[in-house]
Structure formats: C-alpha cells, structure tokens
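See below for the structure under consideration.
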Number of protein chains: 2
Amino acid sequence: MPWRGGKGGPGWEGHFRGCGYRWTVSREVIIEVLSSTRHHMSAEDIYHAVHKDYPAIGLTTVYRTLDLLVDMGLVLKFDFGDKRARYELAEEFSTKEHHHHLVCNRCGRVIDYTEFIDDEVELFKKTEKGLSKKYGFQIKSRMIQFSGLCGNCNREQK
Amino acid sequence: MPWRGGKGGPGWEGHFRGCGYRWTVSREVIIEVLSSTRHHMSAEDIYHAVHKDYPAIGLTTVYRTLDLLVDMGLVLKFDFGDKRARYELAEEFSTKEHHHHLVCNRCGRVIDYTEFIDDEVELFKKTEKGLSKKYGFQIKSRMIQFSGLCGNCNREQK
DNA sequence: ATCCTTATTGAAAATGGTTTTCATTATCAT
DNA sequence: ATGATAATGAAAACCATTTTCAATAAGGAT
C-alpha cells in the first residue's frame, strides 16, 4: 500500500488526528519541507526553509513538531556528532531510497549509502521479530551508522 | 591476539603514545573506570566514579579524555535520546560481550542485546569492506540501534 | 455560523550538557 | 636536573534545545 502524503486522506493528517493531535498549518508546512528534501536537515535548516513562505512560524514550533513526528515514528532523529540533531522522514513515509549513514568524525561529512541493503533488511526483520518477542519491545525505528575518516581526511592525516 | 589493558605493555599507554599523546594518571584512572563497568556511562558518571579515589581530577579532564578515546576509536559514544552522551569501551578493548542497544523512547531504558549477533557481524564485515573500498572511508566504529517502546511503556500506552 | 474548551503557538527566558579560556602543573625528551 | 610544551582544573562561555506564559487557532458542540 503506497503512502498517501496528501491532505485529507489517511496520510499525515490522519496520523496526527489518530493520536489526538490537531492538524495545523505549521505542521503541514513543516512536513512539506521534510518531504521535499533529499537531505537530513537540522531544526534550524527546516526553520529557515519554512520561514521563506511562512515567516510567522517560529523555531520553537519546528522543534515541537519534530518531537511529535519522532514520537509517532514518522521521522527519524540522528546524531552525527556535531551538536545538532538531524531529521529525516522515516523510510515508509519517504520517497527516498532506503539507506544508512557513513559519518566522517573529522570533517563531519555524511554519506548516505544504499549498498548491501538487501541482506540488512532481512537481518533487521529477523532481529526485530526476535527482540520484540523476547523483550516485549515495540520497535519504531532502527538505525545503522558507521563512522571513521572519509577519503580526504584520511589522506591529510599523515 | 588478546587485548592487554595493563600498564607499560602495548596496551592503552601504547595507544596514547603512538598518537603523540602523553600518558597521565588521569587518563589511566578514567580508562580504569571504563574497563571495570558493565554499563554505558555518562561523562558525569565517570567523573563521580573517578572522584572517589582521585578528587583532584576534574570533569573537564574527563570530557577531554573521552574525546581523545573516541577519536582514537577506543571508546564509543552513544546518544540514547536523553541529552547526555554515554560512553563504552569499543568491543575490541572490552571484556563485555558484543552487543547493541534497544532504547525506550518513553522511559529511557536501554537494553543491551546480544542475540542475532553472528549474522550481523558477518554483514558488518562485508558492508564495511565494500564501503571503505567504494568511498575511501576508514571505518572506526559501527553501531546498530533500535528504538521504540519497552514492555512497560507499551502497556501503559492505552 | 457562533461559542467554548483547550491544544497550539511565538517570543523571550531558562536550561544544562559540553567547550573554551587561561593561568598553573605535570610529562618526558634532552 | 632542565626546558619545552602537553595536560589540567576552575570558572566562564557556548548554544542547541526546552520551558514559560500570554495570545491565538482548531474543531466539537450549539
């Protein structure tokens, strides 16, 4: 079943209402920004993007909306080691390819990789089933992250 | 080759010297604390543990030492969603079993799981080789993290 | 449509883990 | 021992994120 991001349908709005939250312009706009980028964004990135067309929407609202989205499992929150969190639509709600992150600890570069994903998806499925059974956990999100030195930084490091 | 944590040998001290750093009492003590716990600790946890026997060692030094250890790949830094980072010896330098983390977004509980590790180790090895070849990355650490709701929080959530 | 309850919001202030600064001390090659 | 300089502690600064609080907007009931 394809994901319907549009208004009115069982999409984003339905998720909010289903959890007892109201559907507001701010929320719609913030989701619109997240939907239309191919990059992980910080709260401030999102705030700036939103601000162009909706200057009345404040940074606080961006943070609050992101918190809700993360809680509902619609958005993933990442920590790449600089001090600001990055956000991405969860795979099920995104048009972006399934991927994980490769982070350079020196320069901060982040590569989205999509290789070797098939085996990984299968492993996740199996692990997830086992873990939720054993620990009674309801798993909402999963992440793999490699870090080290990217090509450039590796070379400079005499 | 087993890891020699002891003084003098090619262990911790050797790592520091090899990177051009000095070997100090603070560093030795902080590593001692990390080595003797089975839990991921925050900088402040470590500070308190260290403080009992070495009240002269300050929190700043703990942070600085942890940064070095993370940079050298000897320690892993985790973000479990509360706002403080947690630290653990990297697997190669720890007596603790290979494991990953299962984080409850509601109550913050973290479960270390060791199931399904064999397939995962193999997948990591393969992925890592492919990625470092394709992107020129030197990978220093790898993490998998699941999050969602633990058994208790799941139940309370009517 | 109009009320009314209450969730949502923006601006400003507060928070608090982590970093910086800087003067002092410890390490270690010579 | 000596000197160069890396490491350290205390206090101050930093800054992403949260909290506060009064004003506004959503949406069910009327």
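Letters A, B, ... mirror the listed sequences (proteins, then strands); counts begin at 1.
Comparing C:dT8, D:dA7, C:dG17 by their nearest atom to the side chain of B:Arg27 picks out D:dA7. Considering only side-chain atoms of B:Ala43, the nucleotide from D:dT17, C:dT18, D:dG27 that sits closest is C:dT18. Nearest to the side-chain atoms of B:Arg22 among the listed nucleotides C:dT27, C:dT5, C:dG17 stands C:dT27. Among the nucleotides C:dT18, D:dG27, D:dT18, the one closest to any side-chain atom of A:Asp67 is D:dT18. Residue A:Leu59 has its side chain nearest to D:dT17 when only D:dT17, C:dC22, D:dG27 are considered.
In terms of position along DNA chain D, the nucleotide closest to B:Val62 lies nearer the 5' end than the nucleotide closest to the other residue of the pair A:Glu44 and B:Val62. Where B:Thr60 and B:Arg84 each meet DNA chain C at their nearest nucleotide, the meeting point lying more 5' is that of B:Arg84.
In this entry the distance linking OH of B:Tyr21 with P of C:dC28 reads 15 Å, nearest Å. At whole-Å resolution of the value, CG in B:Asp82 and C1' in D:dT17 are 14 Å apart. Here the P atom of nucleotide D:dG27 and the CZ atom of A:Phe16 are 12 Å apart, to the nearest Å. Protein atom CD1 of B:Ile57 is 17 Å distant from nucleotide atom P of C:dT25, rounded to whole Å. Nucleotide D:dT17 holds its C1' atom 19 Å from the CZ atom of A:Phe78, rounded to whole Å. Atom-to-atom, CG of A:Asp79 to C1' of C:dG17 comes out at 13 Å; the value is rounded to the nearest Å. Distance CH2 (B:Trp23) to P (C:dA29): 15 Å, rounded to an integer number of Å. Protein atom NZ of B:Lys77 is 10 Å distant from nucleotide atom C1' of C:dG17, rounded to whole Å.
Using cut-offs of 30° and 60° for the angle between ring planes, the A:Tyr113 and A:Phe146 rings count as tilted. Between B:Trp12 and B:Phe93, the ring-plane angle classifies as tilted under the 30° and 60° cut-offs.
Put simply, B:Tyr63 has no side-chain N or O that comes within less than 4.0 Å of OP1 or OP2 on C:dT19. The phosphate of D:dA6 (OP1 or OP2) has no side-chain N or O of B:Arg64 nearer than 4.0 angstrom. In terms of phosphate contacts, B:Ser26 brings a side-chain nitrogen or oxygen within less than 4.0 Å of OP1 or OP2 of D:dT8. The side chain of A:Thr24 contributes an N or O atom lying less than 4.0 Å from OP1 or OP2 of C:dT9.
Aromatic rings of A:His101 and A:Phe80 (six-membered ring for Trp) have centroids within the 6.0 Å cut-off, being under it.
B:His100 and B:Glu120 share a donor-acceptor pair across their side chains, judged by distance under 3.5 Å alone.
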Test salt bridge (charged side-chain N to carboxylate O under 4.0 Å, His left out) applied to B:Lys96 and B:Asp112, step by step:
CA-CA 11 Å; B:Lys96 200 172 171 189; B:Asp112 296 359; 2.6 Å; yes
